[in-house]
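Reading through the structure tokens given below for one structure.
Below, chains carry the letters A, B, ... as their sequence lines are ordered, and counting in each starts from 1.
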Amino acid sequence: QKEVEQNSGPLSVPEGAIASLNCTYSDRGSQSFFWYRQYSGKSPELIMSIYSNGDKEDGRFTAQLNKASQYVSLLIRDSQPSDSATYLCAFVFTGGGNKLTFGTGTQLKVEL
Amino acid sequence: GAGVSQSPSNKVTEKGKDVELRCDPISGHTALYWYRQSLGQGLEFLIYFQGNSAPDKSGLPSDRFSAERTGGSVSTLTIQRTQQEDSAVYLCASSSPPGELFFGEGSRLTVL
């Protein structure tokens, strides 16, 4: 069983819409969850971290964590063409020290 | 420096040669990670250093790969007897809060 799963996409949304990206994970004991964005040809950059159940908002971005269902999601409101990128979820496994495990990423395309 | 610095940015080598990739992390960051990313693929964990603890080498793909971190700062990833399948972008990242990684621009390795 894969440790973390994401739909590879591409996920296409029109400009101004809400983009919803999802990630499921296998380790019930994981405590730390992260979303990274990677533009084509560039390195990943951290967007959000979330540690508690519920929602965490930062500007147009909202991270949602549900530990009971073992999923984490990222909502992007008022999507812009500049949001077009690959979004990677990542988390720290229980007993894995602080090693960060990444999903394979979901490609988002925001269309004009 | 202000960010994570990696060198060389590009390296072309012949099969069978050894290569060294360097990473200079953000000052004060105690954790340092190496990942690699093949074209169109996700991030593959290689090795993780945390302070003075023994490194987590669980992601190194073979004994041709090794890494060290001197003085808790600069790290060098060495690949011996390179093979064509080693061609990838090698990404270094450092963090202070666990999981909140800052990536360098990467070293693109091409093995002919």
Side-chain angles (χ1 to χ4, degrees), chain A residues 2-10 21 23-25 27 29-52 56 58 61 63 65 72 74 85-109, chain B residues 2-7 9-10 21 23-26 29-60 67 69 88-110:
Chain A
K2 288 187 178 179
E3 295 171 328
V4 55
E5 296 206 21
Q6 291 185 259
N7 287 326
S8 61
L21 304 159
C23 178
T24 59
Y25 60 94
D27 181 12
S30 295
Q31 299 294 321
S32 308
F33 305 87
F34 307 87
W35 282 99
Y36 285 77
R37 177 177 62 198
Q38 186 174 26
Y39 291 112
S40 181
K42 300 294 185 181
S43 298
E45 55 182 337
L46 179 67
I47 301 175
M48 298 274 288
S49 59
I50 185 166
Y51 302 95
S52 304
K56 179 181 178 182
D58 184 1
F61 297 94
L65 174 60
V72 59
L74 180 70
T86 296
Y87 289 81
L88 304 157
C89 67
F91 65 109
V92 176
F93 271 110
T94 304
N98 290 319
K99 183 175 73 177
L100 195 62
T101 298
F102 284 85
T104 54
T106 298
Q107 185 182 8
L108 173 67
K109 293 184 177 180
Chain B
V4 177
S5 177
Q6 290 188 247
S7 62
S9 56
N10 278 286
L21 307 176
C23 174
D24 196 347
I26 293 173
H29 280 191
T30 57
L32 186 148
Y33 305 75
W34 284 98
Y35 292 85
R36 74 176 175 182
Q37 189 171 35
S38 301
L39 188 63
Q41 302 299 309
L43 290 167
E44 177 186 4
F45 168 77
L46 297 177
I47 189 169
Y48 159 63
F49 296 89
Q50 173 64 60
N52 295 321
S53 302
D56 179 347
K57 304 179 181 180
S58 60
L60 294 178
R69 188 179 186 190
V89 176
Y90 288 80
L91 291 164
C92 176
S94 68
S95 73
S96 182
E100 298 186 6
L101 272 56
F102 290 84
F103 283 87
E105 294 297 311
S107 292
R108 181 177 298 277
L109 175 65
T110 303

Looking only at heavy atoms, what is the nearest atom pair of B/Gly106 and A/Ser43, with distance? N-OG, 4.2 Å
To check you understand the geometry: which heavy-atom pair defines the closest contact between B/Tyr33 and A/Lys99, and what is its length? CE2-CA, 4.2 Å
Near [X] [atom1], under 6.0 Å, is it more than 12 heavy atoms from other residues, nucleotides or ligands?
X        : atom1 : result
B/Phe102 : CZ    : no
A/Asp27  : CG    : yes
A/Lys109 : NZ    : no

Side chain, backbone, both or neither: which part of [X] has a heavy atom under 4.5 Å from chain A?
X        : result
B/Ser53  : neither
B/Gln41  : neither
B/Glu100 : both

Residues in ring-ring contact (aromatic ring centres under 6.0 Å, His included) with B/Tyr90, at least two apart? none
Who passes ring-ring contact (aromatic ring centres under 6.0 Å, His included) against A/Phe61, sequence neighbours left out? none
Main-chain N/O of B/Leu101 paired to A/Tyr36 side chain as donor or acceptor, under 3.5 Å: yes
Could you tell me which of A/Ser32, A/Pro44, A/Gly103, A/Ser40 has the largest number of non-hydrogen atom pairs under 4.5 Å with chain B? A/Pro44
Contact origin within A/Gln107 toward chain B - heavy atom pairs under 4.5 Å: neither
If we only count heavy atoms from C-beta on, is the B/Tyr35 to A/Leu100 side-chain gap below 4.5 Å? yes
